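Only one structure is covered here, and it is reproduced in the block below.
Values below: all heavy atoms of this structure, side chains included; hydrogens, waters and symmetry mates excluded. Please read these numbers as outputs of a predicted model, since none were measured by experiment.
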Amino acid sequence: MTPVAQPVDTESRMNLVREEDPVVMTVEPVLVPAIRRSLMQLASEHADPGLLLAAGLGPTRTALFVGPPGVGKTLAARSLAYDLGLPLIILDLASVMSSLLGRTGENIRRVLDYAKQRPCVLLLDELDAVAKRRDDVSEVGELKRLVTVLLQEIDTWPEGSLLLAATNHSELLDPAIWRRFEQVIDFPLPDEAALALAMREYLQDNSIGDDLVRSFAAVFRGASYSDLEREVMRARRIAAVQALPMTETLLTVTRERLGRLTSAQRVNFVADLVQRTGMSQRKAHELTGVSRDTLRKHVATWRQVGTTSV
């Protein structure tokens, strides 16, 4: 088959999509069981559709990923494409929005036509940038027509390929958009257990015990995976360049987050760290601001009654 050129914007001549073929996975996605089951079902439908076809059914064509930024929506799409051995095509809808909205509609049609040429996984990222509610009085008529264009394109998406869309603001989506997706998967912020699993993946350092990883992960409660990965990678770079222990550099990059804990939580965490790692109380004080007298008292209590936790 003759390769088809990637679609470009007619005026800027910039590529409209990012394409990964083959897809390369550098980290395994950390997913809660419900999301993992949903993705496994999607993958199995497309990998072996025979049972579905025998029942007069086809594989799921469209799925919508909903959740805040940095919780793994794009990584989940990449993982699906990787498992299926299909190219991943990403269209960032926010980036193709033009002051000439008619041209935006043309760009979207051009991308969808390109993706329909062969089996693939297409991800429409930032869906809310385009598919806004058509009853929003603040939106102009041309943008409402753009929603209609998108609906038409989703309706004609072929079986055998998988069209995914991701949104950080589901409340902005037009109701008709929701009806076009056969499956909706919610991506919540990770809990502490999921953060600990992700932290272990990002650290790639087995010298830090699981208990300590869980303690550090607890400091990141309320954070997204991308927040956690950014800080862990920063700590790894500092450790590599300055030849410092990872525990010290993790404390350095998490000092601001430690400040968000209650006084008792912060002291318990630091005392636990001193006891587990052998870090001097002076060093712990320098890195966290917790006084040495307070640490001394809590470490003594720790030794009497056992471990503490955040």
- Query: Can you find a side-chain donor-acceptor pair between T167 and S170 that sits under 3.5 Å?
  - Reply: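 No, S170 and T167 have no side-chain donor paired with an acceptor closer than 3.5 Å.
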
Inset, instruction - Write out all pairs satisfying side-chain hydrogen bond (donor to acceptor under 3.5 Å, both in side chains) with one or both partners inside residues 63-74, taking only residues at least two apart or from two chains. - result: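 Every side-chain hydrogen bond (donor to acceptor under 3.5 Å, both in side chains) pair that includes a residue of residues 63-74, provided the two are not neighbours, is K73-N168.
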
For residues F181 and V130: do they belong to one hydrophobic cluster (side chain heavy atoms under 4.5 Å, members Ile, Leu, Val, Met, Phe, Trp, Tyr)?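 Same hydrophobic cluster.
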
Once side-chain contact (heavy atoms from CB on, under 4.5 Å) is applied, do any residues pair with [X], and if so which ones, sequence neighbours excluded?
X: L53; result: P49
X: P188; result: I35
X: P245; result: T247, E248
X: A235; result: M246, T249, L250, V253

Does any part of the side chain of L122, heavy atoms only, come nearer than 4.5 Å to the side chain of L112, both counted from C-beta?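 Result yes, sub-4.5 Å side-chain heavy-atom pair found.
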
Margin query: Does any part of the side chain of L251, heavy atoms only, come nearer than 4.5 Å to the side chain of L258, both counted from C-beta?
Written below: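 With C-beta onward as the side chain, the pair touches.
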
Results of ring-ring contact (aromatic ring centres under 6.0 Å, His included) for Y114 - residues two or more places apart only =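 Partners of Y114 by the ring-ring contact (aromatic ring centres under 6.0 Å, His included) criterion come out as none, since no residue qualifies.
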
- For F216, enumerate each residue passing the ring-ring contact (aromatic ring centres under 6.0 Å, His included) test, keeping only those at least two apart in sequence or located in another chain.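 Residues passing ring-ring contact (aromatic ring centres under 6.0 Å, His included) with F216: F269.
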
Determine, for D113 against R110, whether the closest basic-nitrogen to carboxylate-oxygen distance falls under 4.0 angstrom.
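No, no charged N to carboxylate O under 4.0 Å.
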
Lys/Arg N to Asp/Glu carboxylate O, R234 vs E231, below 4.0 Å: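 Between E231 and R234 there is a salt bridge, with a charged N closer than 4.0 Å to a carboxylate O.
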
**Message:** Please evaluate residues I108 and L124 with respect to the criterion side chain to side chain contact (heavy atoms under 4.5 Å, CB included), reporting the C-alpha separation (whole Å), side-chain torsions for both, the decisive distance (0.1 Å), and the verdict.
**Reply:** CA-CA 10 Å; I108 291 174; L124 304 179; over 6 Å; no

*Hey, what else clusters with M40 if you join Ile, Leu, Val, Met, Phe, Trp, Tyr whenever side-chain heavy atoms sit under 4.5 Å?*
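Other cluster members: none.
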
* Any chance you could pull the hydrophobic cluster mates of V8, using side-chain heavy atoms under 4.5 angstrom and chaining through other members? =>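 So far as hydrophobic clustering goes, V8 is joined with none.
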
| field | Residue pairs, two or more places apart or on separate chains, that pass salt bridge (charged side-chain N to carboxylate O under 4.0 Å, His left out) and touch residues 28-41 | value |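 Applying salt bridge (charged side-chain N to carboxylate O under 4.0 Å, His left out) to every pair that reaches into residues 28-41, excluding sequence neighbours, yields nothing.
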
_Listed once per pair and sorted, the salt bridge (charged side-chain N to carboxylate O under 4.0 Å, His left out) pairs that draw on residues 45-60, sequence neighbours left out_ =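 For residues 45-60: none.
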
>> With ring pair (Phe, Tyr, Trp, His ring centres under 6.0 Å) as the rule and sequence neighbours excluded, what pairs involving residues 143-175 come up?
In response: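 Not a single pair qualifies under ring pair (Phe, Tyr, Trp, His ring centres under 6.0 Å).
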
Under 3.5 Å donor-acceptor, R118 side chain and P87 backbone:
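No.
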
| Check: V71 main-chain N/O paired with S224 side-chain donor or acceptor under 3.5 Å |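 No, because the side chain of S224 does not come within donor-acceptor range (under 3.5 Å) of the backbone of V71.
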
What is the distance from atom OG1 of T148 to atom CD of E153, rounded to the nearest 0.5 Å?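 Going from the OG1 atom of T148 to the CD atom of E153 covers 12.0 Å.
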
*Drop me the distance from I89's CD1 to R18's CZ, to the nearest 0.5 angstrom.*
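Output value for this atom pair is 12.0 Å.
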
Could you walk me through whether L31 and L75 satisfy the side chain to side chain contact (heavy atoms under 4.5 Å, CB included) test, starting with their C-alpha distance in whole Å, then the side-chain angles of each, then the deciding distance to 0.1 Å, before giving a yes or no?
CA-CA 10 Å; L31 303 168; L75 188 58; over 6 Å; no

